[in-house]
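Notes follow the structure.
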Amino acid sequence: MTAEIINGKELSTKLKASMKIETETLKRKGIVPHLTVVLVGDNPASRSYVSGKEKASQEIGMSSEVIELPTTISETELLALIQQLNDKPSVHGILVQLPLPPHIKEQHIIEAIHPSKDVDGFHPLSIGRMITGQDTFISCTPYGIMEMLRSKNISIEGKHAVVIGRSNIVGKPIGQLLLNENATVTYCHSKTVDLKAYTTQADILIVATGVPQMINADHIKKGAVVIDVGINRNEEGKLVGDVDFESVKEKAAFITPVPRGVGPMTITMLLKNTLKAAKGLAGN
Ligand code: NAD
């Protein structure tokens, strides 16, 4: 068996084309969807993520701005800026690029963003709404994974979904979304004993650990759906996921590649959340 590839780049292109039309429709009604990204400090990875987000917004005709702040900014000053953005009707989505310098408590900043503008879906209210199955902003990576599964009509109900990784931004929310769709969900993590005993039972395996190529064909069940969230550089400097793509693709039914897998979907879902905010559909 050679797995069918779920190409996140192609799916993103398709979704962005329809979002471009939606943006034009909103603009005709006098609403210009607008995303404000706040970047603190000079972390090269953060800078590259932010420019990717800005480029994608422009691609679909959305307005966006990046507010760059020095690392020395205090938490009080950053909170004051968030308040100004919350109060500005022309700003629909606010994203503060993480990580923040250690003197600023990330959770204070996340909680300061008004839930109606929380396009990253990190606010506790968004998370609570997601867990209770209400309409809300879903954080972008898990949201993108769900769209990838939907795009291939992969059935979730009654399936055993195994999630490796329990971060607040990927592992925990994707498990919850799969549970909302009636999967039976098992979470594994760095303290799990005998990981293989769980992964070989998975109908749907989500891998989000940041450990390069830790999952190979021996870890999976024949015909499984394998979603690789990892973005890592291997020893040769090549971009690889948390899954050994070459071996796993011979045994799985569906697999996401790295690159061109989950990564492009994350930015695309940020745009989708910003459009939702502009349309005032966040249920606030
Ligand atoms: P994290 O470091 O916050 O969490 C990693 C999780 O993996 C932890 O819960 C840990 O318990 C678990 N883990 C670590 N080693 C393990 C092992 N040997 N066995 C089992 N579990 C183990 O990471 P994160 O933010 O969730 O990101 C995970 C990966 O996904 C990283 O490679 C990151 O770069 C990538 N990522 C990609 C996207 C995207 O858009 N594609 C978005 C976010 C994160």
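Side chains included, hydrogens not; waters and symmetry mates left out as well; all remaining heavy atoms used. Order of appearance sets the numbers: ligands from 1, and atoms from 1 within every ligand.
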Report task. For the residue pair Thr132 and Gln134, confirm or rule out a side-chain donor-acceptor distance under 3.5 Å. Result -> yes
Looking just at side-chain N and O atoms, do Lys159 and Ser155 make a donor-acceptor pair shorter than 3.5 Å? yes
Of all heavy-atom pairs linking Asp42 and Thr71, the shortest is N-OG1, 4.5 Å
Between Tyr187 and Gln176 the two heavy atoms that sit nearest each other are OH-N, 3.2 Å
For a quick test of your reading: what N or O donor-acceptor pairs under 3.5 Å do the side chains of residues 212-220 make, sequence neighbours left out?
unit_1	atom_1	unit_2	atom_2	d
Asn216	OD1	Asp218	N	2.9
Asn216	OD1	His219	ND1	3.2
His219	ND1	Asn216	N	3.0

Close residues (non-hydrogen atom under 4.0 angstrom from ligand 1) work out to Thr141, Ile164, Gly165, Arg166, Ser167, Ile169, Val170, His189, Ser190, Ala208, Thr209, Gly210, Val211, Met214, Val229, Gly230, Ile231, Asn232, Val262, Gly263, Thr266
Test of understanding: clusters of I, L, V, M, F, W, Y form through side-chain heavy atoms closer than 4.5 Å, transitively. Do Val229 and Phe122 belong to the same one?
yes
